[in-house]
Amino acid sequence: MKYWLVKSEPDAYSWSRFVSEKKATWDGVRNYQARNNLSAMEVGDPVLFYHSVKNQAVVGLAKVVRDAYPDPTVPDDPRWVVVELVPVMAFDNPVTLARLKSEPLLQNMALLRQSRLSVMPVRPDEFELILALAHAPVA
DNA sequence: GCCAACGTTGGC
DNA sequence: GCCAACGTTGGC
């Protein structure tokens with residue numbers, strides 16, 4: 001089992017919309033590194049959902065329900081793929097970017113080191129810590 | 001609103 | 001193949 005994080009600007013596609021639609025086809029990725037990460041996802045993998053730009057925080061947990069397949073929005077361009085995600089749970093306490101940056105054990109996260117990457121792996125220890133922070137009262 | 005980071009494009 | 005110009009992302 002691998003762990004992941006995807007980013008979305010809430011003005012473009014928010015967690016609340018994801019929850020109301022119950023499933024998302026994660027399309028529009030046009031970066032090779034992000035594409036490679038999508039391709040490596042497997043059904044059942046947990047995925048952290050991060051709001052970029054506004055309300056910068058990990059706001060909930062999703063999971064992969066369909067492995068990568070060619071992006072149907074660009075049928076003539078075989079380079080790009082999508083996966084399908086469903087929401088698992090909203091976090092009681094969204095883990096803000098500031099909180100992530102203040103946590104010594106998270107300093108090597110791809111999220112902090114490569115701010116423009118939109119689909120990235122999360123180490124198991126990082127994932128567990130973020131889940132713990134999401135359930136803990138705000139300090 | 002600004003700007004740093006960085007990926008892409010196109011001229012040479 | 002190099003690199004300057006340009007566009008986009010996303011933090012601040």
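By convention in this document, chain letters (A, B, ...) are assigned in the order of the sequence lines, proteins followed by strands, and residues within each chain are numbered from 1.
- Sorted by residue number, the members of residues 111-122 of chain A with any non-hydrogen atom under 4.0 Å from DNA chain C read A:Ser115, A:Arg116.
- Taking the side-chain hydrogen bond (donor to acceptor under 3.5 Å, both in side chains) definition, one finds that A:Arg113 meets it with A:Asn108, sequence neighbours left out.
- Within residues 25-38 of chain A, the residues approaching DNA chain B are A:Asn31, A:Tyr32, by heavy-atom distance under 4.0 Å.
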Please convert DNA chain B into dot-bracket. A pair counts if it is Watson-Crick or G-U wobble with both distances under 3.5 Å; crossing pairs go in [ ] and bases paired with another strand get |.
||||||||||||
Evaluate A:Phe49 against A:Trp26 for ring pair (Phe, Tyr, Trp, His ring centres under 6.0 Å), listing each step before the verdict.
CA-CA 12 Å; A:Phe49 191 110; A:Trp26 211 256; 5.7 Å; yes
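- Of all nucleotides in DNA chain C having an atom under 4.0 Å from a heavy atom of chain A, the first and last in 5' to 3' order are C:dG7 to C:dC12.
- Within the structure, the side chain to side chain donor-acceptor pair (under 3.5 Å) test picks out the following pairs touching residues 35-45 of chain A (sequence neighbours left out): A:Trp4-A:Asp45.
- Pairs passing the salt bridge (Lys or Arg N to Asp or Glu O under 4.0 Å) check and including a residue from residues 77-88 of chain A, sequence neighbours excluded, read A:Lys23-A:Glu84, A:Arg66-A:Glu84, A:Asp77-A:Arg79.
- Counting only N and O atoms by type, the side chains of A:Arg99 and A:Ser102 include a donor and acceptor under 3.5 Å apart.
- With sequence neighbours left out, the side chain to side chain contact (heavy atoms under 4.5 Å, CB included) criterion links A:Ala110 to A:Met120.
- Here the side chains of A:Asn31 and A:Ser118 are not in contact, with every heavy-atom distance at 4.5 Å or above.
- With sequence neighbours excluded, no residue forms a side-chain hydrogen bond (donor to acceptor under 3.5 Å, both in side chains) with A:Ser115.
- The side-chain hydrogen bond (donor to acceptor under 3.5 Å, both in side chains) check on A:Asp92 picks up nothing, with sequence neighbours excluded.
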Contacts under 3.5 angstrom, residues 52-60 of chain A side chains, donor-acceptor by atom type, not counting sequence neighbours:
residue: A:Lys54; atom: NZ; partner: A:Asp11; partner atom: OD1; Å: 3.4
residue: A:Lys54; atom: NZ; partner: A:Asp11; partner atom: OD2; Å: 3.2

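- For A:Gln114, the side-chain hydrogen bond (donor to acceptor under 3.5 Å, both in side chains) partners two or more places apart in sequence, or in a different chain, are A:Gln33.
- Checked against the 6.0 Å centroid threshold, A:Trp15 and A:Phe91 do not count as a close aromatic pair.
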